[in-house]
Amino acid sequence: MREILRVGSRKVWLYIIAAVIGLVAGYVVLSEQDSPKFQSEEGILDLTQAQLSTNPQKLTGKWAFYWQELLSPEDMRVRSAREGNQDHWISIPSSWLGYPLEGQRLSGTGYATFGLVVHLSEQDRDEMLALRLPSIFNAYKLWVNGELQAEVGEVGQDKHSMTPQLETKLVYFQPESDTLELVMQVSNFQHHRGGITKNIELGGSGVITTKTNLNLARDMFITASLLVIGLYNLLLFMLRRKDKAPLYFGLFTVLLGIRSLFNGELIFTQWLPHFPWELQFKIEYLILCVSGYIITMYFDCIFPNYVSRWFRLGTRIVTGAFCILVVITPAIIYTKFLLVIGVMVVLHMIYLMIGLVQAAVRRMEGALIFLLVSVVTLVTVVNDFLYFNGWSLVGNTSPLGLLIFTIAQLILLSSRSTRTASNEERITRELQDVNDKLIEMNMNLEQTVQERTQALSTVHDDLQTSYDRLLHSEQGRKKLLAYITHDLRMPLSSMLGYVEAIQDRVKPERNEQYLKYIRENTIRINRMIEELSFLSHLETGQVSYRMEPVQMIPFLHGFFEQYELVVRDAGLDFILDIGDTEDRRSILPVVEMDTKRIEQALFNLVSNAMKFTSSGGLVRIALIVEMVNHAPHAVISIQDSGMGIPPEQLEQIFERNYRYDRPGMGIEGSGLGLAICREIVQAHGGMVRAESDGKMGATFYVTFPCTVIEGKG
């Protein structure tokens, strides 16, 4: 076994190393392609050797930098004529956060003016050129040769005078000379990194437009693919809720699709240019925060028992904390935690990759593919975090990596669904074969039964005679046996069915539920046997009673106090109403009875009222004295506000095993409580009856003959 694991582990690591080497090589190639050939020095970029109409260039290098100044092109010309060359230069693309100026490092908020002079080749002088402007934090104005060409948001000198907005733009112009003077005002008071943090590209209008449209088509393809795949998996979960893997995968994919609208070419802001900037950023950051947790839950569904309980709890707490931070704080605060959030997401993926390595070593289906695409996705995500922090040349790679990851997971889920469907078809065929065999056996049994029936008919007559003699000689025992045979057949058959289902492994995943049903039926059978035995003894006169004179009012007070908490814990009001009787001196009934047995009978009635009364209802006990045939009788009434009993069934409810279950109530019981109550009351010379209109509530009356009527002293 260890040798197999060693061999498997070696192969898995070889696959991982090969994937990492391929990604590093691809990154080197992309970085080389993305590296600019020309860079500006001290605000001057020489492109006389470049042909912009066919080969666009990024305007990278040192730009003139005027901190805390919003200068127009005219202002810059006046200052240049008066003061000479500018002393401060800043590398573009980069944030001014941390830029050293006069012995101090700048914060991310503020405003500044950037300047660049571009020298063009002679062939580009007569060409229609274009500038591709990325999203710049958070508002800017751009002049080209003194003409205002672009304005995004509203530039201001403080938070209240500026309006933030993110948008990518294309600016078309035709130079009138071989020199371009670019002046850009930028202000930022909302994000922790202000300035021109992405590449500005200059080239021929046709090439730049084509490149922009291709980027837009790529982003739309990735977004549409993610949204379609995500919605498809959410629909699968709605149709089959038992498997939660499509739920988490669908949520993950849909959220990534939504987030991709806010990256790259900013498709969302092109559709809705007036969408609130703050809300846009909150949505993007919230999706980023919860993505790690959702993919962890998805991994736990695909490969159970690989995510520890402590990691699951920890990721919930950390994810929830970051989400709360994003919701309640402005962007200037939570954007400072971008690197921390990125580390959290990366740690999620690294943790899952460790579990994937273990699963791949154990050769679990789909683990190796899951692992390899996770490596690809991790590298692209890490690269984007480095890019957004200014540490990488290649940006916006995570949508492509996540699309590859999503497609691989879709294939994995599809294979699982196909395998499940194949297993279901196989089980269906096996069940059909078993059913055919049972039908054949049943046909043979019918013939055998017919042959045996005639033979058993003669024996039946003899057994009937013996049965009659035994029935009369042992009436109580036979009655109990008949009760057990009738009442226990259904739960015993049900238990037998569950046991056979466990033995035959019909649905192994439900064995725990079957054992629970067996336990509940066992408890129910034990209770029914006790009640059947007691009822049998009652009916055959084998129960002895300790009769003594009892004052009914103190007796009912004690009964009420004993069971008050039981009834109120069930969510019902419990009322004892004997006020009128207690206040009348001449009527204090005394009844000859066994208090323990009468308490048992009354509790059966109270318990019955509790079963059929919803929470918030009422159970009321009252006592009156009535004259029946010129003799005083104590009448105890137990009234509830439940669903009532149909009038035509009032005479049947005291019969053994009769139960009235209204559809939808789901009330279980043995049906023996009222029968036991009737036997006890009749043994005391009393009677019990019920009244109800079948719509609202029922009232049970227990009547006992009074031995004496005492008056209050």
Quiz item: Quick one: CD on Q551 to SG on C706, what's the gap to the nearest 0.5 Å?
Solution: 11.5 Å

Quiz item: Would you call the rings of Y285 and Y334 parallel, tilted or perpendicular if under 30° counts as parallel and over 60° as perpendicular?
Solution: perpendicular

Practice problem: Output, in order, the C-alpha distance, side-chain angles, deciding distance and verdict of side chain to side chain contact (heavy atoms under 4.5 Å, CB included) for S637 and I621. | Solution: CA-CA 6 Å; S637 61; I621 299 179; over 6 Å; no

Quiz item: Can you tell if the side chain of T296 reaches within under 4.5 Å of the side chain of R312, non-hydrogen atoms only?
Solution: no

Exercise. Nearest 0.5 Å please: distance from the CD atom of E564 over to the CD1 atom of I575.
Key: 10.5 Å

Self-check item: Distance (rounded to the nearest 0.5 Å) between D693 CG and T699 OG1
Solution: 9.5 Å

Self-check item: Close side-chain approach of M593 to T595, heavy-atom, < 4.5 Å
Solution: yes

Quiz prompt | Non-hydrogen side-chain atoms of N608 and N604 separated by less than 4.5 Å | solution = no

Self-check item: CG on L234 to CG on L239, rounded to 0.5 Å
Solution: 11.0 Å

Practice problem: Using the test ring-ring contact (aromatic ring centres under 6.0 Å, His included), find all partners of H633 that sit at least two apart in sequence or belong to another chain. | Solution: none

Practice problem: Before accepting this row, confirm whether a basic side-chain N of the pair R546/D594 lies closer than 4.0 Å to the acidic partner's carboxylate O. | Solution: no

Quiz item: Nearest 0.5 Å, what's the CD-CG distance between E599 and L556?
Solution: 10.0 Å

Quiz item: In terms of heavy-atom contacts, does CE of M696 have more than 12 from other residues, nucleotides or ligands at under 6.0 Å?
Solution: no

Quiz prompt | Chi angles and distances behind the side chain to side chain contact (heavy atoms under 4.5 Å, CB included) call for N233, T253 | solution = CA-CA 9 Å; N233 281 275; T253 310; 5.7 Å; no

Practice problem: Look at E691 together with R689 and state whether they make a salt bridge at an N to O cut-off of under 4.0 Å. | Solution: yes

Quiz prompt | Least distance between heavy atoms, V681 atom then A601 atom | solution = CG2-CB, 4.5 Å

Quiz item: Does the side chain of M687 reach to within under 4.5 Å of the side chain of V702, using non-hydrogen atoms?
Solution: no

Quiz item: What distance do I638 atom CD1 and L605 atom CG have between them, rounded to the nearest 0.5 Å?
Solution: 4.5 Å

Self-check item: Closest contact, heavy atoms only, M344 versus C289
Solution: CE-O, 3.5 Å

Quiz item: Can you find a heavy atom in the side chain of I258 that is under 4.5 Å from one in the side chain of L227?
Solution: yes

Self-check item: Residue pair D640 / L618, side-chain heavy-atom distance below 4.5 Å
Solution: no

Practice problem: Could you go through the side chain to side chain contact (heavy atoms under 4.5 Å, CB included) check for I636 and F704 one step at a time? | Solution: CA-CA 8 Å; I636 303 172; F704 297 103; 4.2 Å; yes

Practice problem: Could you check if a side-chain atom of L255 sits within less than 4.5 angstrom of a side-chain atom of V290, using non-hydrogen atoms only? | Solution: yes

Practice problem: State whether the side chain of S692 and the backbone N or O of G644 hold a donor-acceptor pair below 3.5 Å, judged by distance alone. | Solution: no

Exercise. Kindly determine whether I229 and F252 satisfy side chain to side chain contact (heavy atoms under 4.5 Å, CB included), including the steps that lead there.
Key: CA-CA 10 Å; I229 293 173; F252 178 74; over 6 Å; no

Self-check item: Non-neighbouring partners of Y563 that pass ring-ring contact (aromatic ring centres under 6.0 Å, His included), sequence neighbours left out
Solution: F559, F603

Self-check item: Polar side-chain atom of K695 near backbone of I645 as donor-acceptor pair, under 3.5 Å
Solution: no

Quiz item: So among V591, L602, V590, which one has a side-chain contact (heavy atoms from CB on, under 4.5 Å) with F555?
Solution: L602

Practice problem: Write down the atom of A634, the atom of P589, and the distance for their closest heavy-atom approach. | Solution: CB-CB, 4.2 Å

Exercise. With the side chain counted from C-beta on, respond yes when M547 and H684 share a heavy-atom pair under 4.5 Å apart, and no when they do not.
Key: yes

Practice problem: Name all residues meeting the ring-ring contact (aromatic ring centres under 6.0 Å, His included) criterion together with Y701; count only those two or more places apart in sequence or in a different chain, and write none if there are none. | Solution: none

Self-check item: Main-chain N/O of F574 paired to R568 side chain as donor or acceptor, under 3.5 Å
Solution: yes

Quiz item: Within the side chain of K244, is there an N or O that forms a donor-acceptor pair under 3.5 Å with the backbone of C301?
Solution: no

